Every structure is written in structure tokens, then in C-alpha cells.
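Since the structure comes first, as C-alpha cells, the remarks are kept for the end.
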Amino acid sequence: MAEADGATAAPRPDPDPDDATWIEPPLCHECGASVRVYPTNYDRWVSLAMMELPAKDVPEAFRWRLTRPPGRSPVPADIVAVRLRGIDPLPSEPVVPAHRMMCIPEWGEP
């Protein structure tokens, strides 16, 4: 299921509590764009785009939503990514697209 959803990202490393430097978002190793990496509700990690788009502009297979897990969730996180399935969002409702939908690999110079 994780592979079909594209939830194959590596988890973010735990920051050093003594390090006060700004934590930059990770970069995609294919295209170099900034991505947001979040845990999913089934204990995997997914790379998401940095912005939300209307649901009508995102194919069904790439739609995610960020939400807080229920009180007694097995996933120890403040926010988790949930893949939208079953009930389609309204066309104008914002969703977070998976980064792989927007990823255009850099091809190097000829």
C-alpha cells in the first residue's frame, strides 16, 4: 500500500536539542525542489509538495491531507499525512499533492 501511495520517503532525522540553527526543508534528490516530509497514518513517510492546490487540479492518486492524529494514535507525531480515498473532496477544496506528481528530474547539461 505504501509503495502504491508513494509513501516511500525516509523519515526526517531527529534534530539535536542543543542545535539552534534553522532547519531547512529537505530537497528532492531527483529535481532539487523543496519538499515536506510527513509521517502517514500507517507508519510510513511521504514527500509532499510545498503548497496546497484545489482538488480539481490534483489527480485522485496524488491527493493528501494533513491532519492531527486522534488522541491515542499509534503514530507519535503532531501532524500526519492522510491519503484521500472514498469520498472525493469538493473541486475547490484544498489538498496537498504528493511531490512525485510535480517532480521533474534535472537532466544535467548536454
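These figures come from a predicted structure and were not determined experimentally.
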Run the side-chain donor-acceptor check on residues 88-95: report pairs under 3.5 Å with partners two or more places apart or on a different chain.
residue	atom	partner	partner atom	Å
Glu93	OE1	Leu90	N	3.2
Glu93	OE2	Arg65	NH2	2.5

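In plain terms, the two heavy atoms of Cys103 and Glu30 that are nearest each other are SG-CB, 3.6 Å. Contact record, Arg63 with Ala55: NH2-O, 3.0 Å, taken as the closest heavy-atom pair. Between Trp64 and Ala98, the shortest heavy-atom distance links the atoms NE1-CB, 3.8 Å. The two residues Arg36 and Ala49 come nearest to each other via the heavy atoms NE-O, 3.0 Å.
The hydrophobic clustering, which links ILVMFWY residues whose side-chain heavy atoms are closer than 4.5 Å, places Phe62 and Leu84 together. Met101 and Ile104 fall into different hydrophobic clusters, where Ile, Leu, Val, Met, Phe, Trp and Tyr are joined by side-chain heavy atoms under 4.5 Å apart, directly or via other members. No single ILVMFWY cluster, assembled from side-chain heavy atoms under 4.5 Å apart, contains both Val46 and Met102. One hydrophobic cluster, built from ILVMFWY side chains closer than 4.5 Å, holds both Trp45 and Val35.
For the side chain to side chain contact (heavy atoms under 4.5 Å, CB included) criterion with Thr67, the lone passing option out of Ile79, Asn41, Val82 is Val82.
Counting heavy atoms from C-beta on, the side chains of Leu66 and Val96 come closer than 4.5 Å. Side-chain contact between Val80 and Tyr38 is absent, with no heavy atoms from C-beta onward closer than 4.5 Å.
Note that NE2 of His99 is 9.5 Å distant from OG of Ser34, once rounded to the nearest 0.5 Å.
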